[in-house]
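Each remark here refers to the structure printed beneath this line.
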Amino acid sequence: TEHEPADAVRETAESIATMEIRGAATIASAAAEALAVQASKAAESGPTASDPEAFRASMRAAARTLRETRPTAVSLPNALRYVLQRMEGGEVDELRRSVVDASEAFVQQLDRAQEDLGRVGANRLADGDTVMTHCHSTDALACVEAAVEQGKSISAVVKETRPRQQGHITAERLRDVGVPVTLIVDSAARRYLDEVDHVVVGADSIAADGGVINKIGTSGLAVNARERGVPIMTAAQTIKLHPETLTGHTVEIEMRDESEVIDPEDRGSIGDIAVENPAFDVTPPRYMDAIVTEQGQFPPESIVTLMRELFGEGAAEPWAE
Ligand code: RUB
C-alpha cells in the first residue's frame, strides 16, 4: 500500500527480530532512529510528501512494523510513543521536522539517563567488590563502569547466558574497562555466589508491582542470591517502566525458536520431544533489593509511585490505525 514503511524501517525491524540489534535500550534507540529515517523518506516523494494525513499514516504504519518485532521490552513501544506523540504540524515539512527532533531528543535522553543511572548504581558498589552479571545489559554495565570511573576496583563473574550467550558481550565490555572477568556456565551461578558481593542485572520491563522482567534465568539467580545473602539490584532506566501494568495488564514473555536450544541437525535423532525457549522471566519484587533508575533508586514495591508520576495521563497507542 501507499503507507508501506520505507526499507530502512523494515531493515531495522528485521535486525531487531533476528537480535542483531538487541537489549532493551539499544532496541529503543534504533526504533526511534528508524522513525526519523521514515519521516525523511516519506517527506521526499510520493503522496506522503504532499499530503499531511498520508504522512501521518505512514509514520503510524512504520511504528506498527517496529512494534511487532519483539513483545517483551517495553522500551520499544515507549520509544515509539515518545516520538509519535511529538509529531505535530499542518504541513509535511513541519511534521517531518517534529519527528526528527523528537527522535534525536529521545536518543539523547536515553544516553543521558544511562549515565545518570550508572552513577546512582555505582554508589551501591564498594571498592574491591565482585559483581555477578546475567545476559548483556547496557544499563547494568553503566553501573559497573561508573564505579570503575570513581576509582573503585571491581571484578566480575559473568554468566554466559544460554542459549544466545550474551554473557560473552558483557565479558568483552568489562574486560575493555579493565575489570577482571571470570566467565561461568549458567548452572555454576549458585556455586560462585559465595565469592560475589553484588548481583547486577538489567530489565526489559518493570511491572507496577515491582516485578522485574529480564533475560530468562534472572529469577532463579535472584532466588539463589537471596538464599546466599547476596544483594541484587536491577539497573533500569525509566523507559523500562511498563505503563500498561498500571492497569493490571501482564507483560508478554517472548517465546523464541527451538533452533536456539537444539541444533536442527540433532533434532531428528532425539525424536519426538517438546522444546520450549522462553526468552525472559519475571523476578518477584521480594527477591530484588533495588531498582536503580536515572531518577534514583527504589525498593521494587515503591516503583509504582514513580510510574504514576510518569504515566499519570495513561498510555495511548499513537500508532493505532
Ligand atoms: C537482553 C536483556 C537485557 C535487557 C536490558 O535480552 O535481557 O538484560 O534488555 O538491557 P535480549 P539494556 O538479548 O534477548 O534482547 O540495559 O541494554 O537495556
Side-chain angles (χ1 to χ4, degrees), residues 12-32 66 69-79 106-107 109-122 131-146 156 158-174 186 189 199-207 211-222 232-242 251-257 259-261 277-283 288 290-294:
T12 301
E14 181 68 14
S15 302
I16 294 171
T18 58
M19 290 178 63
E20 207 176 302
I21 296 173
R22 49 147 296 283
T26 308
I27 290 171
S29 48
L66 292 161
T69 51
R70 292 186 78 190
T72 305
V74 76
S75 50
L76 171 58
N78 282 349
F106 178 82
V107 173
Q109 274 183 38
L110 206 72
D111 292 347
R112 164 82 61 88
Q114 192 164 75
E115 248 175 67
D116 292 349
L117 165 159
R119 277 192 295 272
V120 176
V131 298
M132 183 178 282
T133 65
H134 184 56
C135 199
H136 166 247
S137 156
T138 56
D139 281 352
L141 280 179
C143 299
V144 180
E145 284 162 10
V158 171
K159 294 176 78 234
E160 64 172 351
T161 315
R162 278 277 293 158
R164 296 191 61 121
Q165 298 181 318
Q166 292 94 329
H168 293 189
I169 306 170
T170 301
E172 265 183 68
R173 298 284 182 275
L174 288 172
D186 294 304
V199 178
V200 186
V201 296
D204 287 82
S205 285
I206 305 275
V212 172
I213 295 88
N214 190 48
K215 181 54 56 194
I216 189 79
T218 302
S219 67
L221 175 61
I232 174 167
M233 63 162 140
T234 188
Q237 312 179 38
T238 53
I239 194 78
K240 317 285 180 65
L241 302 177
H242 199 301
V251 178
E252 185 182 340
I253 301 293
E254 177 183 16
M255 301 297 286
R256 294 194 61 87
D257 200 81
S259 61
E260 291 183 345
V261 179
N277 184 18
F280 302 99
D281 64 21
V282 186
T283 301
M288 187 62 67
I291 298 174
V292 173
T293 79
E294 77 277 15

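Remember, it's 1-based here, ligands and their atoms both numbered in the order they're listed. This is a predicted model, so every value here is computed, not measured.
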Test of understanding: with side-chain contact (heavy atoms from CB on, under 4.5 Å), list the residues that count as partners of Thr170, not counting sequence neighbours. Thr133, His136, Leu141, Val158, Leu174
Taking non-hydrogen atoms within less than 4.0 Å of ligand 1, which protein residues qualify? Met19, Arg22, Gly23, Ala24, Ala25, Arg70, Cys135, His136, Ser137, Thr138, Asp139, Gln166, Ala203, Asp204, Asn214, Lys215, Lys240, Phe280
So, using ring-ring contact (aromatic ring centres under 6.0 Å, His included) as the criterion, who are the partners of Phe280 when residues are at least two apart? none
Not counting sequence neighbours, which residues clear side-chain contact (heavy atoms from CB on, under 4.5 Å) with Val282? List them please. Ile213, Ile253
Assess the residue pair Arg256 and Arg70 against the criterion (side-chain contact (heavy atoms from CB on, under 4.5 Å)); give the C-alpha distance rounded to whole Å, side-chain angles, the decisive distance to 0.1 Å, and a yes or no. CA-CA 10 Å; Arg256 294 194 61 87; Arg70 292 186 78 190; 3.6 Å; yes
Counting distance only, does the side-chain N/O of Ser75 pair as donor-acceptor with the main-chain N or O of Ala24 below 3.5 Å? yes
One should read off an interatomic distance between Cys135 SG and Asp204 CG, to the nearest 0.5 angstrom, of 7.5 Å
